[in-house]
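Below you'll find the structure, written out as structure tokens, and then a few comments.
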Amino acid sequence: MKKILVTGGAGYIGSHTVVELTEAGYTPIILDNFSNSEERALEGIAAILGKEVPCYRTDCTDAVALREVFEQEPGIAGVIHFAAYKAVGESVAEPLKYYSNNLGSMLTLLQVMEEYKVNKLVFSSSCTVYGIPEKLPVTEQTPVQKANSPYGNTKKICEEILTDLADSGSNMRTIALRYFNPIGAHPSARIGELPLGVPNNLVPFITQTAAGIRQELTIFGDDYDTADGTCVRDYVHVVDLAKAHVVAIERLLSGKAANIEFFNVGTGTGNTVLEAVKAFERATGKKLNYKIGPRRPGDVPKIFADVTKATVELGFKTTSTLEEAMQSAWDWQLHLEETSTKA
Ligand code: WQD
């Protein structure tokens, strides 16, 4: 079974992708420095799969340690690269931490991949590369703009590095997946988005408010030019997103991929924040305590994906509804409560 190295494989999207890779018949190898993930993610993965997945506690910026992994795991067929810092707000406060880690890990990984003649890469990119789009929905041809944060800029620069590498005649074959807003958790509720501190993102804040951990949700602005004045996003179930990575690695291994390809991974539907809140309430039957507050600086008013390219060229479409994603997020929150009270 083909070995796939998953950097950041103990993280939110990484752990879900490790499950889907295994269920698709691949042999994932996790590499994670646990700077933004916890051991219990490995336990959750094992509980779902009924077996442990090998994990190397390694930092991708450490070339010596990375070579060690490639030495111990001969025959890696491809790499899925998630390992990066991803908190937009933190990146504004600590830009150098983001540039050195996110660019450093990308460059070190590419160098070691070339040394070990591993030339298939799926890169975790982001819709943040589109900045504030002029036209909606965004296609892969929508102009990439200066990102709103150092985090988003590291994704844009990584795409440029990979494009220059592809244009240099290198035999590296890359697929960059531009995620929209990943939400929800595995239906088993054994893996999900780990709450590290006060959540920046909407859905963990919703579930923690519903659980009584947070007093109330503040909706950041209701004076945007949208159906109900709140921002529009494309909320994609994390399991659908994980499945897109399996399809991408299969395309690379089939030899059909060009030197570098970009795909939007979203549902193709935009929902406002208020619609997301109502979907949570409908799915769970929980009434959410929220108020309208001021806009959050840097927020993109509206963005959602045109998913034609992934549908036609990857044969990939999301299947989960917003309600199902919200229900899974709530089930995960309940699991966290249960296990933390037991601990
Ligand atoms: C969503 C909406 C907020 C919290 C994220 C990631 C980014 C990228 C895209 C991967 C916005 C509103 C939020 C709250 C709110 N993903 N909101 N109250 O900003 O779209 O970006 O997805 O690369 O990395 O950060 O996601 O969940 O923070 O916000 O009203 O307490 O919810 O204003 O409109 P965002 P988010």
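In listed order, ligands and their atoms are each counted from 1.
- For a threshold of 3.5 Å applied to N or O pairs, the pair formed by Thr128 and ligand 1 contains no separation below that value.
- The closest protein non-hydrogen atom to atom 28 (O) of ligand 1 is Arg296 NH2, 2.9 Å.
- Taking CG of Asn102 as the start and SG of Cys158 as the end, the distance is 6.5 Å to the nearest 0.5 Å.
- Counting only residues at least two apart or in different chains, ring pair (Phe, Tyr, Trp, His ring centres under 6.0 Å) contacts with residues 313-338 comprise Phe280-Trp330, Trp332-His335.
- Of all protein heavy atoms, the one lying nearest to atom 32 (O) of ligand 1 is Leu202 CB, 3.6 Å.
- Atom 8 (C) of ligand 1 has as its closest protein heavy atom Ser126 OG, 3.9 Å.
- When each of Lys2, Met1, Lys3 is tested with Tyr26 by the rule side chain to side chain contact (heavy atoms under 4.5 Å, CB included), just one qualifies, namely Lys2.
- Using cut-offs of 30° and 60° on the angle between ring planes, the pair Phe82 and Tyr179 is tilted.
- Side-chain contact of Tyr99 with Thr154: a donor-acceptor pair under 3.5 Å is absent, judged by distance alone.
- Heavy atoms of Arg233 found under 4.0 angstrom from ligand 1 belong exclusively to the side chain.
- Counting heavy atoms closer than 4.0 Å to ligand 1, residue Val203 contributes nothing at all.
- Close contacts of ligand 1 with Ile219, meaning ligand atoms under 4.0 Å from a residue heavy atom, involve 30 (O).
- Between Val232, Ile13, Asn148, Asn201, it is Asn201 that holds the heavy atom closest to atom 36 (P) of ligand 1.
- The closest non-hydrogen atom to atom 34 (O) of ligand 1, taken over Cys231, Ala84, Cys127, comes from Cys231.
- Under 4.0 angstrom from ligand 1, the non-hydrogen atoms of Leu217 all belong to its side chain.
- Evaluated by nearest non-hydrogen atom to atom 17 (N) of ligand 1, the leading choice among Phe180, Phe220, Tyr151, Tyr179 is Phe220.
- Of all protein heavy atoms, the one closest to atom 1 (C) of ligand 1 is Tyr235 OH, 3.7 Å.
- The two atoms that bring Ala185 and Ser328 nearest to each other are N-OG, 3.0 Å, heavy atoms only.
- Protein heavy atom closest to atom 33 (O) of ligand 1, with residue, atom name and distance, is Asp299 OD2, 2.6 Å.
- Among all protein heavy atoms, the one lying closest to atom 18 (N) of ligand 1 is Thr218 O, 2.8 Å.
- Between Asn181 and ligand 1, at least one pair of N/O atoms sits closer than 3.5 Å.
- Atom 4 (C) of ligand 1 has as its closest protein heavy atom Asn200 O, 3.3 Å.
- Taking OG of Ser170 as the start and CE of Met113 as the end, the distance is 9.0 Å to the nearest 0.5 Å.
- Here Leu42 contributes atom CG and Asp32 contributes atom CG; the two are 7.5 Å apart, rounded to the nearest 0.5 Å.
- The side-chain hydrogen bond (donor to acceptor under 3.5 Å, both in side chains) contacts involving residues 190-204 comprise nothing, where partners must be two or more places apart or lie in separate chains.
- No single ILVMFWY cluster, assembled from side-chain heavy atoms under 4.5 Å apart, contains both Leu96 and Tyr151.
- Separating the NZ atom in Lys156 from the OG atom in Ser125 is a distance of 11.0 Å, to the nearest 0.5 Å.
- Closest to atom 12 (C) of ligand 1 among all protein heavy atoms lies Val273 CG2, 3.9 Å.
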